[in-house]
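Data first, discussion second: the structure below is written as structure tokens.
The basis for the numbers below is simple: all heavy atoms, side chains too, and nothing from hydrogens, waters or symmetry mates. Each chain gets a letter, A, B and so on, in the order its sequence line appears, and its residues count up from 1.
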There are 2 protein chains.
Amino acid sequence: MENIELLVEALKKEGLRFTEQRKFIWDEITSSNDHREAEDIFLSLRKKNINVSRATVYRTIDVLVKNNLVRKLDIGDAPSKYENKIDSHHHDHMICLETGDIIEFYNEELENLQDEIAKKHGYKVIRHVHQLFVKPIK
Amino acid sequence: MENIELLVEALKKEGLRFTEQRKFIWDEITSSNDHREAEDIFLSLRKKNINVSRATVYRTIDVLVKNNLVRKLDIGDAPSKYENKIDSHHHDHMICLETGDIIEFYNEELENLQDEIAKKHGYKVIRHVHQLFVKPIK
DNA sequence: GTTGTTGCAAATACTTTGCAACTAT
DNA sequence: ATAGTTGCAAAGTATTTGCAACAAC
């Protein structure tokens, strides 16, 4: 997977340097499709004996989010979660209130409807947050 | 507006006492349809020389949210905002990225679509968060 | 009188920041 | 050599909590 180029380009675009730490964090995030907290990423690295600081994890994630390589998920009170955005089309999330499971969904009709609604009010949608908090049907 | 009864009932239901502070906070929240932070509510009371503590503002809001009298809005990183829910049907929010304005919207088709999507995955929607971050069409 | 409530200050939880040591260019 | 980056610990921000004084029942 030659996705390391994506990191290099993003850093270049931001006028930032390519460092070992940034590479490790990038590898950690792109090696999974989970929805993880900054702390999870930090701990996962530490378990592999890669010691980058929490500060650097947060700082690097910021750059990745800003450059559309990582998606930030704000779920109510819980700490923000982050997911790898490479090879991943846009989707929204369904959060199971019983298990905490996060299910991704995408619906074109829904996307269009949003745009229409905004337009009716004289706006265009730049981004959106759509989360369904659900329970399993018994 | 005899809505004070709603507070009294909610408190009764929760086995909580009716106090001056809770009444002041209730009055403050129900006297406006704004989307305000706990701090705004606290300061607004203070400006009227009503000195309730922040702790009590937060504790009271919790009860009101739990009893469906107040809606809690989590907008990304910003502090939570609260809005009076009395006489107000369900709606979602559009947040203008340029002005910070919050526009309410409701669309039945969209609501139904959500339910359908969840159902297709074997879930039912308990609550949802739907926010459009928008910019004005020039 | 008993039990719930308040205000305060301290604690908490996640995240950001200042700064001196370090590293990429 | 210069300017960006790191790790650490401290600060920050929004909110929650322990506790002693107090108020509602």
Side-chain angles (χ1 to χ4, degrees), chain A residues 4 7-29 35-46 48-67 70-83, chain B residues 4 7-29 35-46 48-67 70-83:
Chain A
I4 191 76
L7 172 62
V8 173
E9 274 168 39
L11 292 175
K12 194 167 290 174
K13 194 185 130 213
E14 295 286 329
L16 301 172
R17 293 178 183 169
F18 181 83
T19 64
E20 238 190 346
Q21 288 89 337
R22 287 178 175 151
K23 183 190 169 303
F24 284 135
I25 293 166
W26 172 256
D27 285 346
E28 181 58 39
I29 293 178
H35 305 81
R36 292 189 289 176
E37 301 177 9
E39 185 69 11
D40 298 329
I41 294 164
F42 168 76
L43 290 176
S44 181
L45 282 167
R46 169 168 287 190
K48 296 173 185 166
N49 286 310
I50 298 171
N51 287 305
V52 293
S53 65
R54 280 186 183 79
T56 298
V57 170
Y58 277 109
R59 285 188 281 229
T60 301
I61 287 175
D62 281 352
V63 178
L64 300 177
V65 169
K66 190 192 291 190
N67 285 272
V70 162
R71 184 181 290 122
K72 180 177 184 176
L73 272 182
D74 283 310
I75 302 180
D77 295 330
S80 295
K81 288 182 176 1
Y82 302 94
E83 61 173 325
Chain B
I4 190 75
L7 171 63
V8 173
E9 273 168 41
L11 292 175
K12 194 168 292 175
K13 194 185 131 215
E14 296 285 329
L16 301 172
R17 291 177 183 171
F18 181 85
T19 65
E20 238 189 346
Q21 288 89 337
R22 287 177 175 152
K23 183 191 170 303
F24 284 135
I25 293 165
W26 172 256
D27 285 347
E28 181 59 37
I29 293 178
H35 304 82
R36 292 189 289 176
E37 301 177 9
E39 184 70 11
D40 297 329
I41 293 164
F42 169 76
L43 290 175
S44 180
L45 283 167
R46 169 168 287 190
K48 295 171 185 166
N49 285 309
I50 297 171
N51 287 307
V52 294
S53 64
R54 280 186 184 79
T56 297
V57 170
Y58 278 108
R59 286 188 279 230
T60 301
I61 287 176
D62 282 351
V63 178
L64 300 177
V65 169
K66 190 193 292 189
N67 285 272
V70 162
R71 184 181 291 121
K72 180 176 183 176
L73 271 182
D74 283 310
I75 303 181
D77 295 330
S80 296
K81 288 181 175 0
Y82 302 94
E83 61 173 324

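- Nearest nucleotide to the A/Y58 side chain, out of D/dT15, C/dG7, C/dT15: C/dT15.
- Salt-bridge formation is not detected for the pair B/D27/B/K48: no Lys NZ or Arg NE/NH1/NH2 atom is positioned less than 4.0 Å from an Asp or Glu carboxylate oxygen.
- The side chain of B/T19 places an N or O atom within less than 4.0 Å of a non-bridging phosphate oxygen (OP1 or OP2) of C/dT6.
- Ion pairing between A/D62 and A/K66 fails under the 4.0 Å rule for side-chain N and carboxylate O.
- Phosphate contact (OP1/OP2 of D/dG7, side-chain N/O of A/T56, threshold under 4.0 Å): present.
- The phosphate of C/dT6 has OP1 or OP2 within less than 4.0 Å of a side-chain N or O from B/R22.
- With 3.5 Å as the limit, one finds no donor-acceptor pair spanning the side chains of A/T56 and A/Q21.
- Contact check, A/Q21 against D/dG7: a side-chain N or O comes under 4.0 Å of OP1 or OP2.
- Residues B/R17 and B/Y82 both approach DNA chain D. Their nearest nucleotides, taken by heavy-atom distance, put B/Y82 toward the 5′ side.
- Within the 4.5 Å cutoff, the side chain of A/F24 has heavy atoms near those of the A/L45 side chain.
- Closest contact between the side chain of A/R59 and the listed nucleotides C/dT17, C/dC14, C/dC8 involves C/dT17.
- Both B/E20 and B/P79 lie near DNA chain D, and the one whose nearest nucleotide falls closer to the 5' end is B/P79.
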